[in-house]
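Here is the structure we will look at.
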Amino acid sequence: MDKSQRQKEENILRGRLVPPVRSLRLASEKMFRVTDGCKLEVACPDKGAADLASKLVKDFWRVEARVACAQVETLPEGEESYAIRIGATKVSVAAKTLRGVRYAFSTLRQLAESERGVATATASFILPCVVIDDAPATAFRGVHLCFFPTPETTYSEIERQIRMAAFCKFNYVVIEPWGSLRFPSHPEFSWPGHSVPPGEFGRLVRLARELGVTPIPQINVFGHAPASRSMNGKHALLDFHPEFAPLFEPDGWCWCLSNPATRAFLTDIVNDMLDIFGDPPFFHLGCDEAGDGTCALCRRADYPALLKKHLLYFNGLLKKRGARPMVWHDMFVERGDKRWAGYVACGTPGTVSILDDLPKDFVICDWRYHYCGDDLNGAEPSWATLRHFIDKGFDTLGCPWYEVANTRGYGKAIRKYGAMGMLETTWHIKRSHNFFQEFAVAAWAAWNPDSTAPDAPEATYHVSFNAYARHVNHDMGAAAYEDFGTAPFQLDVRPI
Ligand SMILES: [Zn+2]
């Protein structure tokens with residue numbers, strides 16, 4: 001094979017992998033056939049590695065492979081790194097952990113092609129003989145998922161999102177219920193006829209874990225209290241139960257922090273979520289787009305003291321269950337402060353004042369959805385808020401949305417400034433091309449932000465991702481038109 005052909009083939013293979021790998025090199029022109037009895041070697045200290053490899057080969061290609069444990073002199077560095085060597089007669093995988101093994105097989109699945117030159121495929125796939133070494137750029141790679149009341153979010157859609165997060169090598173999913181969960185302690189805080197029992201959330205939690213993704217619950221304990229989008233005006237509690245009005249500020253948007261009954265109610269539902277999620281390592285407390293209390297009690301109170309006490313209380317509650325709190329960043333930077341021009345800053349002097357008193361248990365989720373310079377001129381941003389929280393000593397996550405330039409820029413900034421990682425958001429714009437942007441592009445930015453492989457002329461990053469959605473849909477047993485692809489309907493593309 002001459003150099004230009006080799007280059008072309010490597011660009012094709014690199015350009016189909018979601019997220020792009022750190023290095024891929026073609027070792028020979030030959031192909032490995034994935035058929036019954038094919039030979040696989042797995043080097044991993046975890047005793048479950050061979051069984052996991054056998055299961056994945058069977059799940060992906062309906063093939064019984066001969067899987068052997070192997071010893072190698074040096075395993076790839078890092079808990080999530082892996083190495084793949086494909087020869088004509090053997091595939092070798094090496095990783096320190098089961099997660100690394102799982103990632104290696106996700107990459108192999110993406111490299112495999114069904115048997116070529118035949119009318120219909122039999123149980124045979126081929127793999128190119130390549131050498132791959134791969135590792136993530138950042139340790140925390142999460143997606144924030146919104147389970148809107150059914151059928152606005154369908155069962156299959158939320159499951160697809162979890163499966164696709166795993167497929168794209170994310171290692172966390174935050175699941176926010178938006179009134180879709182019938183809480184055991186407060187079933188009234190959900191939409192009659194549009195909610196699901198705790199068992200459905202439990203099923204999603206188990207599924208995520210089986211796929212190697214850690215699920216994180218979310219309850220908004222301050223702003224965003226209606227569990228509904230502000231622009232639609234619904235309220236998951238007050239619309240059917242106006243008698244709960246004293247728990248909220250008069251406009252219903254924030255919980256009333258002066259009322260002790262508020263904390264009791266929130267404690268119940270936070271504990272419900274901790275039970276359903278099986279004592280997770282993190283718990284997202286929301287807290288975005290909130291301001292000082294306005295009710296007859298709160299507006300005369302020492303509001304920063306109330307807010308601080310509220311957040312410290314939930315930190316203590318979570319700590320007893322082994323979880324760290326996560327909060328959106330925007331109330332901790334003051335609206336109108338010139339340092340944050342071009343960034344999201346919703347804080348008041350009071351809400352900002354408590355930042356220095358928060359323990360470093362809190363993980364700050366810095367969100368920004370549009371890529372532009374600090375003066376909105378379109379140049380490279382300085383990532384001022386992200387850097388502010390890192391400088392203050394907080395573990396900080398960068399949180400983009402669907403805009404490609406912003407997501408890619410965030411990925412580079414996260415690594416450059418030593419952030420804890422990325423929490424990709426999806427909100428209500430999460431289908432069709434946005435699904436691609438929120439999973440494939442975000443995975444690229446979180447895993448390997450410097451890669452230009454998907455930009456190569458030979459790359460098929462987007463349509464390959466559609467093929468992976470097909471894998472995921474088949475994995476979950478999709479059988480209806482609405483359950484295939486990345487959106488229920490082709491014309492249901494919401495304007496951005
Ligand atoms: Zn109040």
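Note: hydrogens, waters and symmetry copies are ignored here, and every other heavy atom, side chains too, is used. Indexing begins at 1, ligand by ligand and atom by atom, following the structure's order.
A donor-acceptor pair is defined here as one N or O able to donate and one able to accept, closer than 3.5 Å; such a pair exists between the side chain of D272 and the backbone of S185.
For E380 and K412, the salt-bridge test fails: no basic side-chain N is under 4.0 Å from an acidic carboxylate O. D275 has a carboxylate O that lies under 4.0 Å from a charged side-chain N of R321, or vice versa, which qualifies the two as a salt bridge. Under the 4.0 Å criterion applied to side-chain N and carboxylate O atoms, E157 and R160 are not assigned as salt-bridge partners.
By the 6.0 Å and 45° rule, K430 does not stack over the aromatic ring of F435.
Partners of F283 by ring pair (Phe, Tyr, Trp, His ring centres under 6.0 Å), not counting sequence neighbours: none found.
Within the protein, the N, O or S atoms sitting under 2.8 Å from the Zn ion (ligand 1) are E249 OE2, C256 SG, C295 SG, C298 SG.
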